Amino acid sequence: MKRSLIVGIVFLFLSTVCLPVLADKNIYVQPDKVLTKEYFKYLFRGFLFIKDFKIKKVIIKIIFEIKRDGNATSEEIQGIIESSNSRIREVYILAEIKTTGNFQKSDGGVGCIPWRYAILNFHNATGIFAQYTPDCYKELYGWTLQIDGNSLSRNDGYILGYSGYINNYITGGEYVSFKLDGFGVLVLHEKNI
């Protein structure tokens, strides 16, 4: 009896261990893009400032892929994201980032390194890490963030290797908004699961 129970448990374990990882149809990775060794430093700098362990794990796997092969393709990054069990649902590589709309602002805020907050001064930020969020007190402009012309859903995200203009605005003490106009090496956009 014990022997058949042990054989059954081992068989069950082996059959589930060898199951292929199924592609998550809800994850979008921008196709036909490649991150090469020249972008390694931007990924590593961003890695240092991210607090979410699952996101850090994704970035370190992308870094290892670049170190191993000399690059990380969209397909390889897709596999890394699918196996990560993170909240990342959209990935953009070497992409244009901008807020749009009548005032070219979006409700929410953006924090960046080396400048933690870019309040009331529109400045050029080169090669830094930025984290954006739609969280705000009251809505004024709506969520207007776009990457490579694609409108993003209203969720948090990370930009590694950001270069361009960045600003946060506080209007009347009640409205918080931000403006981005630049380029990102790697954008990881989350969605609530």
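These numbers come from a predicted model, not from an experiment.
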Pair Asn167, Tyr169: side-chain N/O donor-acceptor within cut-off below 3.5 Å: yes
All side chain to side chain donor-acceptor pair (under 3.5 Å) counterparts of Asp69, not counting sequence neighbours: none
Glu75 with Lys33: basic N within carboxylate O range, under 4.0 Å: no
ILVMFWY cluster, Ile147 and Tyr141 together (side-chain gap under 4.5 Å): no
Any donor-acceptor N/O pair, Lys191 side chain to Arg89 backbone, under 3.5 Å: no
CG on Leu145 to NZ on Lys179, rounded to 0.5 Å: 13.5 Å
Residue pairs, two or more places apart or on separate chains, that pass salt bridge (Lys or Arg N to Asp or Glu O under 4.0 Å) and touch residues 158-170: none
In one Ile/Leu/Val/Met/Phe/Trp/Tyr side-chain cluster, 4.5 Å: Leu43, Ile81: yes
Lys57/Ser86 under side chain to side chain contact (heavy atoms under 4.5 Å, CB included): CA gap, chis, key distance, verdict: CA-CA 9 Å; Lys57 221 168 127 180; Ser86 69; over 6 Å; no
Among Leu152, Ile97, Leu186, the one residue meeting side-chain contact (heavy atoms from CB on, under 4.5 Å) with Tyr92: Leu152
Interatomic distance, Lys56 atom NZ to Tyr158 atom OH [nearest 0.5 angstrom]: 10.0 Å
Sidechain-backbone polar pair: Thr144 side chain, Thr100 backbone, donor-acceptor under 3.5 Å: yes
Over all atoms of both residues, closest heavy-atom pair of Thr133 and Phe178: O-CE2, 4.1 Å
Chi angles and distances behind the side chain to side chain contact (heavy atoms under 4.5 Å, CB included) call for Tyr42, Arg45: CA-CA 5 Å; Tyr42 302 114; Arg45 287 178 191 162; 4.1 Å; yes
Pairwise side-chain contact, Leu94 with Tyr39, heavy-atom cut-off 4.5 Å (strictly under): yes
Heavy-atom donor-acceptor pair, Trp143 side chain to Ser106 backbone, under 3.5 Å: no
Heavy-atom side-chain proximity of Asn71 to Leu35 below 4.5 angstrom: no
Gap separating the CG atom of Asp156 from the CG atom of Asp135, nearest 0.5 angstrom: 6.0 Å
Lys67 charged N/C atom sitting above Phe40 aromatic ring, 6.0 Å / 45°: yes
Approximate separation, where rounding is to 0.5 Å, of Phe49 CZ and Ile59 CD1: 12.0 Å
Single hit among Glu190, His189, Gln30 for side-chain contact (heavy atoms from CB on, under 4.5 Å) with Glu90: His189
Nearest-0.5 Å distance that lies between atom CZ in Phe44 and atom CG in Leu48: 4.5 Å
Under 3.5 Å donor-acceptor, Glu82 side chain and Gly79 backbone: no
Chi angles and distances behind the side chain to side chain contact (heavy atoms under 4.5 Å, CB included) call for Phe129, Ile159: CA-CA 6 Å; Phe129 165 76; Ile159 307 170; over 6 Å; no
Same cluster (ILVMFWY, side-chain, under 4.5 Å), Ile60 and Leu188: yes
Heavy-atom donor-acceptor pair, Asp148 side chain to Glu96 backbone, under 3.5 Å: yes
Over all atoms of both residues, closest heavy-atom pair of Pro31 and Ser74: C-OG, 3.6 Å
ILVMFWY network linking Leu140 to Tyr137, side-chain heavy atoms under 4.5 angstrom: no
Side chain to side chain contact (heavy atoms under 4.5 Å, CB included) evaluation trace for Val185 with Leu160: CA-CA 6 Å; Val185 171; Leu160 288 78; 5.5 Å; no
Connected via hydrophobic side-chain network under 4.5 Å: Val34 and Val91: no
Distance-only donor-acceptor check, side chains Gln146 and Ser151, under 3.5 Å: yes
Side-chain (Lys54) to main-chain (Asn85) donor-acceptor, under 3.5 angstrom: yes
From Gln78 atom CD to Ser83 atom OG, the distance as rounded to the nearest 0.5 Å: 10.5 Å
Sole candidate of Ile80, Ile27, Ile55 that passes side-chain contact (heavy atoms from CB on, under 4.5 Å) when paired with Ile88: Ile55
Polar side-chain atom of Asp107 near backbone of Gly142 as donor-acceptor pair, under 3.5 Å: yes
Side-chain donor/acceptor of Thr99 to backbone N/O of Gln104, under 3.5 Å: yes
Heavy-atom neighbours of Phe183 CZ exceed 12 at 6.0 Å: yes
